[in-house]
Amino acid sequence: MTHVNALGRRCPLPIIMIAKAVSSCPSGEVLTLSSDDPATWPDLQAWGRLTGKVVKQLEATRFEITA
Amino acid sequence: MGSVTGNFTSESPLHPAARAVFLDAIDKGWADPAKLHNSSRELDHLLNESKALFADRLGVEPAALSFLGEASLGHFLAISGLNRALPAPRLFFPSTSRQEVLEVVGSHTGASALGVDLDGAFSIPDGSKEDLLVLQTVNGETGAISPDPSEFIGRIFVDATASPLQPPPQNWSVALWDSRSWNGPAGLGILAIRDVGGWVNPLPHLDHRVVPGGFNPALAIASAVALDAFVKDFVANEAATRRFNEMIRRFITDEIGEVDIASPDTARAEFLSFSFLYVDALQLVDMMNRRGFAIDSGSACTSAALEPSHVLAAMGRLTHGNVRIRLHSSIAESEIHALLKALKECVEELRH
């Protein structure tokens with residue numbers, strides 16, 4: 001499973017990092033993202049809505065994304 | 001730096017007519033309007049004229065109005081004053097309320113946030129006569145207009161601090177305006193209490209006055225002139241403002257792309273909030289400034305607390321890459337074209 005570590009990075013970097021990772025994965029693959037930026041969860045949900053990706057919050061700073 | 005300078009922030013210079021009145025009012029505004037001397041009576045007369053103008057333009061009775069030296073204090077006075085007059089009210093507020101409202105309601109038991117949808121819309125709750133609803137007429141970030149609360153039978157605090165152009169609902173109890181929202185001088189709020197029997201002063205107080213006093217009469221007199229000019233300018237330019245709003249929406253969608261427009265189509269046309277995917281708003285604001293364009297942003301990187309806009313987050317909108325545009329009546333079409341050209345170039349550079 002691809003993991004993107006964006007801990008310590010501020011917006012919009014976590015979303016840019018996960019978008020890059022997703023673009024190089026086959027459709028349907030599951031990725032995880034670690035981020036402690038307070039904007040990540042609201043932005044990840046908005047990004048999922050805009051790009052048609054499914055996103056989930058696993059823990060406060062850990063998220064799951066289906067490419 | 002570019003040759004064009006465009007101000008698209010929420011602030012604007014004082015209207016020339018209001019500035020002239022302000023300078024004159026400083027000379028006349030030194031007396032205590034409550035005293036009986038000629039200078040006091042003259043000032044009292046000027047303040048009453050201003051109050052009548054405010055009342056007419058804001059759609060309330062002059063006797064209900066009080067001037068407030070700090071507009072943000074009005075949120076506390078309104079909510080806590082209504083709350084004190086009710087035995088144990090439930091307090092409802094949309095999650096997109098102003099930060100000042102969130103700070104005040106946070107200390108009240110029985111406070112419930114009303115969830116909003118992608119357009120910032122929410123349902124008016126079923127309340128009893130002993131409940132309290134906090135309602136903003138217009139959201140200060142997106143321009144979204146709140147639903148009509150006529151079915152709500154409890155008391156309503158109307159936060160009208162974002163715009164004087166949207167009248168309070170018919171069943172308002174207490175309302176608050178901020179002079180800055182009509183490009184009047186800062187440092188003046190206007191609090192209206194419809195029924196003083198339904199409001200209990202939450203601050204230590206010596207007499208019947210509902211506000212602590214301490215406002216600057218010159219600001220109040222100048223602000224009334226600014227409001228009058230603001231409303232007239234708005235009416236004269238309303239169609240152009242709506243057209244500019246639609247032009248911007250089309251351009252950022254078709255020519256720039258990957259943008260999340262937070263302001264619903266039904267929002268007030270002077271307000272526009274949108275977010276560009278994969279763009280750092282701090283850099284965007286700075287690049288636009290260097291090109292001569294002043295814009296606002298609700299993104300975390302542009303806030304002192306490094307927190308994203310709670311309004312955008314509550315709506316489920318993208319919080320990074322956010323741009324907030326205010327379409328002042330004085331803005332010309334050529335400025336819109338120049339703004340859009342600069343936005344496209346900056347966003348492309350930042351995404352590169």
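Small disclaimer: the values here were computed from a predicted structure and weren't measured. In what follows, chains are A, B, ... by sequence order, proteins preceding strands, each numbered from 1.
Nearest approach of A:Pro12 to B:Tyr278, heavy atoms of both residues: CG-C, 4.3 Å. Among all heavy-atom pairs drawn from B:Thr319 and A:Pro42, the shortest one is CG2-CB, 4.3 Å.
For the options B:His320, B:Arg317, B:Met315, heavy-atom pairs under 4.5 Å to chain A are most numerous at B:His320. Contact count versus chain B (heavy atoms, under 4.5 Å) is highest, among A:Ile15, A:Leu44, A:Thr51, for A:Ile15.
For the side chain to side chain contact (heavy atoms under 4.5 Å, CB included) criterion with A:Asp43, the lone passing option out of B:Leu318, B:Leu277, B:Leu312 is B:Leu318.
Between A:Arg49 and B:Asp260 there is a salt bridge, since at least one side-chain N of the basic residue sits less than 4.0 Å from a carboxylate O of the acidic one.
At most 12 non-hydrogen atoms from other residues, nucleotides or ligands lie less than 6.0 angstrom from CZ of A:Arg9. Counted within 6.0 Å of CG on B:Asp126, heavy atoms from surrounding residues, nucleotides or ligands total 12 or fewer; the atom is thus considered open.
Two residues are said to be in side-chain contact when any heavy atoms from C-beta on lie closer than 4.5 Å; A:Pro38 and B:Pro308 meet this criterion. Side-chain contact between B:Glu258 and A:Leu50 is absent, with no heavy atoms from C-beta onward closer than 4.5 Å.
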